[in-house]
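Encoded as structure tokens, the structure appears first; notes follow it.
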Amino acid sequence: MSASVRAKLQLPDGHQQLLLHSCCAPCSGEVMEALLESEIPFAIFFYNPNIHPVKEYLIRKDENIRFAEKHNIPFIDCDYDTDNWFARAKGMENEPERGIRCTMCFDMRFERTALYAYENGYSLISSSLGISRWKNMKQINDCGLRAAAHYPEISYWDYNWRKAGGASRMIEISKREEFYQQEYCGCVYSLRDTNRWRMSQGRDRIRLGEKFYSNAMDEED
């Protein structure tokens with residue numbers, strides 16, 4: 001059964017267009033379709049230097065480009081400055097998921113998003129990150145608000161993309177489009193910790209680039 005019908009969205013405070021930071025196609029698919037149905041002008045901003053290794057990064061980016069091109073959505077491909085990310089993560093290598101390393105990572109990505117918005121005439125930014133049930137929405141929104149606060153002209157839209165069936169439609173779209181199914185958050189430390197957990201459960205290590213959503217799959221818990 002399909003998730004509930006989307007409500008028509010309006011950008012807050014009279015903003016006319018949106019710069020949407022996207023972490024990946026599965027998370028952004030529902031957000032992109034909701035914006036399209038509401039006839040809201042927007043562009044995708046792909047800046048995710050946290051994703052490692054490069055094979056995984058390219059698969060996730062290419063999936064997002066494929067979906068953006070399908071709907072004629074502008075796609076802004078930003079630098080993959082991994083050296084900067086690792087420098088900022090130094091000393092946080094063993095922090096848990098949703099801890100201070102993740103805060104650093106969100107801060108870094110939102111800071112670049114806000115800077116691009118400031119330099120290119122956007123007054124509103126948001127992100128698809130918060131739609132994932134694996135993420136702490138308050139942590140993400142705090143980072144987005146903090147980044148936007150550097151520029152008086154820029155606002156952050158903290159819309160809850162999970163609500164009103166958004167989280168379920170995210171899975172439906174991923175199956176329909178047969179998106180690549182990511183099995184860890186993105187960074188090498190997440191990959192390390194996920195593989196450690198899988199091995200403790202008698203499961204194989206993650207095999208990059210092999211798992212995709214399909215209509216035949218059941219939603220995983």
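Values in this document were obtained by computation on a predicted structure and should not be read as measured data. The first residue in the sequence is number 1, and the count goes up from there.
- By the 6.0 Å contact criterion, OH on Tyr118 is open, its count of non-hydrogen atoms from other residues, nucleotides or ligands being 12 or less.
- The shortest distance between side-chain heavy atoms of Pro49 and Asn84 does not fall below 4.5 Å.
- Applying the side-chain hydrogen bond (donor to acceptor under 3.5 Å, both in side chains) criterion to Ser123, with sequence neighbours excluded, gives His15.
- Distance alone, capped at 3.5 Å, places no donor-acceptor pair between the Arg109 side chain and the Asn48 backbone.
- Sparse packing is recorded around NZ of Lys90, with 12 or fewer heavy atoms of other residues, nucleotides or ligands lying under 6.0 Å away.
- Without hydrogens or angle criteria, Gln139 side chain to Gly99 main chain gives a donor-acceptor distance under 3.5 Å.
- For Asp81 (side chain) and Asp83 (main-chain N/O), no donor-acceptor pair under 3.5 Å exists by modelled atom type.
- No side-chain donor-acceptor contact under 3.5 Å links Arg88 to the backbone of Arg101.
- Neither Leu145 nor Leu124 shares a network with the other; the hydrophobic side chains, linked directly or stepwise wherever heavy atoms of I, L, V, M, F, W or Y lie under 4.5 Å apart, form separate groups for each.
- For Ser190, the side-chain hydrogen bond (donor to acceptor under 3.5 Å, both in side chains) partners two or more places apart in sequence, or in a different chain, are Glu97.
- Residue Gln16 places its CD atom among 12 or fewer non-hydrogen atoms of other residues, nucleotides or ligands, all under 6.0 Å distant.
- Aromatic rings of Tyr80 and Tyr47 (six-membered ring for Trp) have centroids beyond the 6.0 Å cut-off, not under it.
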Stepwise side chain to side chain contact (heavy atoms under 4.5 Å, CB included) check, Glu30 with Arg6: CA-CA 10 Å; Glu30 159 60 15; Arg6 298 183 184 95; 2.8 Å; yes
Would you check, one step at a time, whether the test side chain to side chain contact (heavy atoms under 4.5 Å, CB included) holds for Glu183 with Lys211? CA-CA 8 Å; Glu183 298 188 80; Lys211 191 170 183 180; 3.7 Å; yes
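- Judged by distance alone, the side chain of Asn136 and the main-chain N or O of Lys138 form a donor-acceptor pair under 3.5 Å.
- Between Asn64 and Phe75, some side-chain heavy-atom pair lies under the 4.5 Å cut-off.
- Residues Phe46 and Ile76 fail the side-chain proximity criterion, which asks for heavy atoms closer than 4.5 Å.
- Here the options are Arg60, Arg66, Lys61, the test is side-chain hydrogen bond (donor to acceptor under 3.5 Å, both in side chains), and the partner is Glu63; only Arg66 passes.
- Seen from the ring of Phe212, Arg176 does not count as a face-on cation partner, given the 6.0 Å and 45° thresholds.
- Hydrophobic cluster membership differs between Phe110 and Ile44, with clusters built from Ile, Leu, Val, Met, Phe, Trp and Tyr side chains linked at under 4.5 angstrom.
- Ring-plane geometry between His71 and Phe67 is classed as perpendicular, the angle between the planes exceeding 60 degrees on a 0 to 90 degree scale with a lower cut at 30.
- Residues satisfying the side-chain hydrogen bond (donor to acceptor under 3.5 Å, both in side chains) criterion with Gln10, sequence neighbours excluded, are absent altogether.
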Quick one, Arg146 with Glu111, criterion salt bridge (Lys or Arg N to Asp or Glu O under 4.0 Å). Give me CA distance, side-chain angles, the key distance, then yes/no. CA-CA 8 Å; Arg146 186 161 50 245; Glu111 286 164 8; over 6 Å; no
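- Under the 6.0 Å cut-off for aromatic ring centres, Phe45 and Tyr122 do not qualify, their centroids lying 6.0 Å or more apart.
- The number of heavy-atom neighbours closer than 6.0 Å to CD of Glu39, taken from other residues, nucleotides and ligands shown, is 12 or below.
- At distances below 3.5 Å, at least one donor-acceptor pair connects side-chain atoms of Arg169 with backbone N or O atoms of Ala164.
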